[in-house]
Participant: 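First, the structure itself, so that you have it in front of you.
All residue numbers refer to positions in the sequence shown, counting from 1. Hydrogens, waters and symmetry mates play no part in the numbers below; they use all other heavy atoms, side chains included.
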Amino acid sequence: MEYRLDIKENALDSFNEALAKFEQGESGELRHYKFAILHLSHFLELVLKLYVASVDKNLIFSKCYKYVEKRAKKEAINLLQSYQLLCSEGFDFEALLTNIPHPHTITLDQALEFSKCEKCGVTGVDFVDVDFCNDVEWLKGLRNNIGHYQFRLPPKEVRLCIGRLVRGVAEFIDIFNLFDLEAEVGKESYHVFESLADEYAQLLKEAEREVVEKEAEIYRGVRPKHYVFIEWNVYQCPECSNNTMIPSDDSSTGYKCTFCSNEESDEIEIPCDCCGAMAMVEDMATWKMDDGTVENRCYFCSGQYYADKDD
C-alpha cells in the first residue's frame with residue numbers, strides 16, 4: 001500500500017510537523033527550530049501553490065506559468081491580467097503539458113508574485129501585504145542558509161517571525177477561502193497553533209520569557225548567600241497590567257516593562273536621598289532644594305514620622 005498525499009494534505013502534514021518542532025524548540029532544544037523553519041517553509045510554498053491552483057490547476061506548472069509571464073511582459077500588465085487575457089482568447093493551457101508526464105512546478109517566489117496581483121474589488125487594496133512578503137523573504141533566506149550553507153538562529157527573532165508567518169498565512173488562507181486551517185490542525189499541536197495565531201498571547205509569552213531569562217542571568221554565578229545584595233524586583237506594569245516590569249539599564253527610572261516598554265510606576269522602589277533607605281516612589285516626599293534640585297525623602301527623613309507621632 002503506497003503513501004499518498006494531495007497538495008493540501010501535504011501542506012498540512014508539514015504544518016503539523018512545524019508546530020511539533022516549534023514546541024520542542026520552545027522547551028529549550030533550540031536545534032528543533034531549524035526543522036520547524038524547514039517544515040513551515042514547505043507548508044507556505046504549498047499553500048501559495050494551492051492558491052495558484054485555485055485560479056487554474058495548470059498554472060502551478062512552470063511551462064504554463066512562464067507563458068503567462070511572457071505575455072504579461074509583452075503587454076506590460078500584471079500576471080493575473082495576463083492570465084485573464086489569455087483565457088478570454090481561449091488559450092488552452094493543458095495543451096502545453098501534453099506528453100509531459102512529470103511537469104516541473106513553479107517556485108515559492110513565482111506563486112507569491114502571482115498572489116500579489118490580487119486586489120480588493122471595492123477598495124483596490126492589495127490582499128497580500130508588504131509585511132507578509134517581508135517575512136516570507138526572511139524565511140526563504142534562513143531556509144536557504146540551513147539547506148546550503150551555515151546559519152544562526154536568534155531564538156526570540158525566530159519565534160516572533162514564525163508567529164507572524166502563521167498569522168499571515170492563516171489570513172491568506174481565509175481571504176482566498178482555500179480551507180479552514182484551524183479545523184485542520186492536529187489535536188496534539190492545536191495549543192501551539194492557538195498561541196502563535198494570537199498575537200497578544202505570543203507577545204505576552206515572549207515578554208514573560210524575557211523576565212525569566214533576565215532573572216536567571218542576573219543570579220548566574222552568584223552564591224545564594226549573596227542574593228540579598230542583588231537588586232531584582234518584578235512589578236506589575238500599570239500600563240498593561242502584566243507582571244513584566246523589571247530592572248533595565250536603558251530606562252530613566254531604572255525599570256522597563258518587557259511587554260509594552262513603559263518605564264513609569266509608583267511601585268518602583270528608589271533610595272531616600274538622605275538616608276539611602278529604599279521605598280516606593282508613591283511613599284516618598286519630594287523636597288525642592290535651594291539650588292533648584294529635588295530630593296526624595298522617606299517617611300522618616302521627611303519628618304512625617306514625627307508629625308504622625310505627635311498626633
Participant: Would you kindly confirm whether L80 and L112 end up in one hydrophobic cluster when ILVMFWY residues are joined by side chain heavy atoms under 4.5 Å apart?
Facilitator: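 Yes; tracing contacts between hydrophobic side chains, which count when under 4.5 Å, links both residues.
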
Participant: Heavy atoms, side chains only, cut-off 4.5 Å: are C64 and L97 in contact?
Facilitator: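 C64 reaches L97 side chain to side chain.
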
Participant: Nearest 0.5 angstrom please: E231 CD to M278 CE, how far?
Facilitator: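 E231 CD to M278 CE: 5.0 Å, rounded to 0.5 Å.
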
Participant: Please check if the distance between the ring centroids of F61 and F93 is under 6.0 Å.
Facilitator: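 Not close enough - the centres of the two rings lie 6.0 Å or further apart.
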
Participant: In this structure, are over 12 heavy atoms from other groups packed under 6.0 Å from H226 atom NE2?
Facilitator: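 More than 12 within 6.0 Å, yes.
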
Participant: Regarding E23 and H191, do their side chains bring together a donor and an acceptor under 3.5 Å, going by distance alone?
Facilitator: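 Looking only at side-chain atoms, H191 and E23 do form a donor-acceptor pair, the distance falling under 3.5 Å.
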
Participant: Search all heavy atoms of E118 against all heavy atoms of Y51 and return the closest pair with its distance.
Facilitator: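 Closest pair (atom of E118, atom of Y51, distance): OE2-OH, 2.7 Å.
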
Participant: In sequence, state the C-alpha distance, the side-chain angles, and the governing distance for W138 and N134, and then conclude on side chain to side chain contact (heavy atoms under 4.5 Å, CB included).
Facilitator: CA-CA 6 Å; W138 175 89; N134 289 339; over 6 Å; no

Participant: Could you go through H42 and N10, starting from their C-alpha distance and side-chain angles, then the distance that decides it, and tell me whether this counts as side chain to side chain contact (heavy atoms under 4.5 Å, CB included)?
Facilitator: CA-CA 9 Å; H42 185 236; N10 195 5; 3.5 Å; yes

Participant: Go through the side-chain N and O atoms of E182 and Y190 and say whether any donor and acceptor fall under 3.5 Å apart.
Facilitator: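 Looking only at side-chain atoms, Y190 and E182 do form a donor-acceptor pair, the distance falling under 3.5 Å.
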
Participant: According to a hydrophobic-cluster definition based on side-chain heavy atoms being under 4.5 Å apart (Ile, Leu, Val, Met, Phe, Trp, Tyr only), do V55 and F179 belong together?
Facilitator: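 They do share one cluster, since a chain of ILVMFWY contacts under 4.5 Å joins V55 to F179.
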
Participant: Answer with yes or no whether the side chains of D56 and Y83 bring together a donor and an acceptor at under 3.5 Å.
Facilitator: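 Yes, a side-chain donor-acceptor pair sits under 3.5 Å.
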
Participant: Do R143 and S41 meet the criterion of a side-chain donor-acceptor pair at a distance under 3.5 Å?
Facilitator: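 R143 vs S41: donor-acceptor pair found between side chains.
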
Participant: Please determine whether residues I230 and I268 belong to a single hydrophobic cluster, defined as Ile, Leu, Val, Met, Phe, Trp and Tyr linked transitively by side-chain heavy-atom distances below 4.5 Å.
Facilitator: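 I230 and I268: separate clusters.
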
Participant: How many angstroms lie between atom OG of S189 and atom CZ of F15, to the nearest 0.5 angstrom?
Facilitator: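 These two atoms lie 8.5 Å from each other.
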
Participant: Is there a path of hydrophobic side-chain contacts, each under 4.5 Å between heavy atoms, that joins W232 and Y235?
Facilitator: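 No; tracing contacts between hydrophobic side chains, which count when under 4.5 Å, never links both residues.
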
Participant: Report yes if some heavy atom in the side chain of D109 is under 4.5 Å from a heavy atom in the side chain of V136; otherwise report no.
Facilitator: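 SC-SC contact between D109 and V136 ruled out.
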
Participant: Looking at F132 and D129, what are the two nearest heavy atoms and their distance?
Facilitator: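 Minimum heavy-atom contact is N-OD1, 2.8 Å.
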
Participant: Does the plane of the ring in F127 sit parallel, tilted or perpendicular to the ring in F176? Use 30° and 60° as the thresholds.
Facilitator: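 Geometry flag for F176 against F127: perpendicular rings.
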
Participant: Kindly indicate whether the side chain of E94, heavy atoms from C-beta on, has any atom under 4.5 Å from the side chain of K57.
Facilitator: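 Of all side-chain heavy-atom pairs linking K57 with E94, at least one is under 4.5 Å.
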
Participant: Would you please test L19 and E188 for side chain to side chain contact (heavy atoms under 4.5 Å, CB included) and show each step?
Facilitator: CA-CA 9 Å; L19 295 177; E188 63 282 356; over 6 Å; no

Participant: Could you walk me through whether E263 and S251 pass the side-chain hydrogen bond (donor to acceptor under 3.5 Å, both in side chains) check?
Facilitator: CA-CA 6 Å; E263 299 179 4; S251 169; 3.3 Å; yes

Participant: Under 4.0 Å between a side-chain nitrogen and a carboxylate oxygen: does that hold for E9 and R4?
Facilitator: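 R4 and E9: not salt-bridged.
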
Participant: Pairing donors with acceptors under 3.5 angstrom, does anything connect the side chains of K49 and T105?
Facilitator: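 There is such a pair between these side chains.
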
Participant: Can you check whether N78's main-chain N or O pairs, donor with acceptor, with S82's side chain at less than 3.5 Å?
Facilitator: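 Checked: no pair found.
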
Participant: Indicate yes or no: does E206 engage R159 in a salt bridge with an N to O separation below 4.0 Å.
Facilitator: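 Yes, E206 and R159 are salt-bridged.
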
Participant: So S265 and C237, do their side chains get closer than 4.5 Å, heavy atoms only?
Facilitator: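 No - every pair of side-chain heavy atoms lies 4.5 Å or more apart.
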
Participant: Please round to the nearest 0.5 Å and tell me the distance separating atom OG1 of T244 and atom NZ of K214.
Facilitator: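 Here the interatomic distance stands at 13.5 Å.
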
Participant: Output, in order, the C-alpha distance, side-chain angles, deciding distance and verdict of salt bridge (charged side-chain N to carboxylate O under 4.0 Å, His left out) for K66 and E69.
Facilitator: CA-CA 5 Å; K66 287 178 180 178; E69 201 172 38; over 6 Å; no

Participant: Is the shortest side-chain N to carboxylate O distance from E295 to K288 below 4.0 Å?
Facilitator: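 K288 and E295: not salt-bridged.
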
Participant: Heavy atoms only: give me the nearest E264-P238 pair and the separation to one decimal.
Facilitator: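 Scanning both residues, the minimum pair turns out to be O-CG, 3.3 Å.
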
Participant: Before accepting this row, confirm whether a basic side-chain N of the pair R71/E89 lies closer than 4.0 Å to the acidic partner's carboxylate O.
Facilitator: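 Salt bridge present between R71 and E89.
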
Participant: Between S115 and L48, is there a side-chain heavy-atom distance shorter than 4.5 Å?
Facilitator: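 The answer is yes; the side chains approach within 4.5 Å.
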
Participant: Does any non-hydrogen side-chain atom of L181 lie less than 4.5 Å from one of L12?
Facilitator: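 SC-SC contact between L12 and L181 confirmed.
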
Participant: Check this for me, if you would: do E113 and K116 make a salt bridge, where the nitrogen-to-carboxylate-oxygen distance has to be below 4.0 angstrom?
Facilitator: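 Judged by the 4.0 Å cut-off on N to carboxylate O distance, E113 and K116 do form a salt bridge.
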
Participant: Any chance the side chains of D291 and T293 put a donor and an acceptor closer than 3.5 Å?
Facilitator: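 On atom types as modelled, these side chains qualify, holding a pair under 3.5 Å.
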
Participant: Could you pull out the closest heavy-atom pair between L79 and C117, with the gap in Å?
Facilitator: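 Shortest heavy-atom contact: N-SG, 3.7 Å.
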
Participant: Please step through side chain to side chain contact (heavy atoms under 4.5 Å, CB included) for the pair F172 and D174, ending with a clear verdict.
Facilitator: CA-CA 5 Å; F172 182 93; D174 184 57; over 6 Å; no

Participant: Charged N to carboxylate O below 4.0 Å: is that the case for R167 and E171?
Facilitator: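 So R167 does not pair with E171 through a salt bridge.
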
Participant: Are the charged groups of E29 and R31 less than 4.0 angstrom apart, N to O?
Facilitator: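 Judged by the 4.0 Å cut-off on N to carboxylate O distance, E29 and R31 do not form a salt bridge.
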
Participant: Mind checking whether L5 and V185 sit in one hydrophobic cluster, side chains of I, L, V, M, F, W, Y counted as touching below 4.5 Å?
Facilitator: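 The answer is no; the residues belong to distinct hydrophobic clusters.
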
Participant: Look up atom NZ in K140 and atom CG in L44, then write down how far apart they are to the nearest 0.5 Å.
Facilitator: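 So the gap between those two atoms works out to 10.0 Å.
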
Participant: To the nearest 0.5 angstrom, please state how far the OH atom of Y67 sits from the CG atom of N58.
Facilitator: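 It comes to 14.0 Å.
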
Participant: Please tell me if the side chains of V169 and L165 come closer than 4.5 Å, counting only heavy atoms from C-beta onward.
Facilitator: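 Of all side-chain heavy-atom pairs linking L165 with V169, none is under 4.5 Å.
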
Participant: Are Y200 and F259 near enough that their ring centres are under 6.0 Å apart?
Facilitator: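 Yes, close enough.
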
Participant: Looking at every non-hydrogen atom in both residues, tell me the closest pair between G186 and N16 and how far apart they are.
Facilitator: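 Closest approach of G186 to N16, heavy atoms only: N-OD1, 2.9 Å.
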
Participant: Does a side-chain N-to-carboxylate-O contact under 4.0 Å join E217 and R220?
Facilitator: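 Not counted as a salt bridge, because no side-chain N and carboxylate O are separated by less than 4.0 Å.
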
Participant: Of all heavy-atom pairs between D273 and N296, which one has the smallest distance, and what is that distance?
Facilitator: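 Shortest heavy-atom separation between D273 and N296 comes out as OD2-N, 2.6 Å.
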
Participant: Does the distance from a Lys or Arg side-chain N to an Asp or Glu carboxylate O, for R209 and E26, drop under 4.0 Å?
Facilitator: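 The answer is yes: the pair qualifies as a salt bridge.
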
Participant: State, without any angle test, whether Y255 and N262 hold a side-chain donor-acceptor pair at a distance under 3.5 Å.
Facilitator: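 Short answer, no.
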
Participant: Below 4.5 Å, heavy atoms only, C-beta onward: do E208 and L204 meet side chain to side chain?
Facilitator: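 Answer yes - side chains close enough.
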
Participant: Can you check whether F43's main-chain N or O pairs, donor with acceptor, with S14's side chain at less than 3.5 Å?
Facilitator: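 Not at all, since once roles are kept as given, no pair shorter than 3.5 Å links the two residues.
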
Participant: State the CD1-CD1 distance between I37 and I162, to the nearest 0.5 angstrom.
Facilitator: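 The distance works out to 5.0 Å.
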
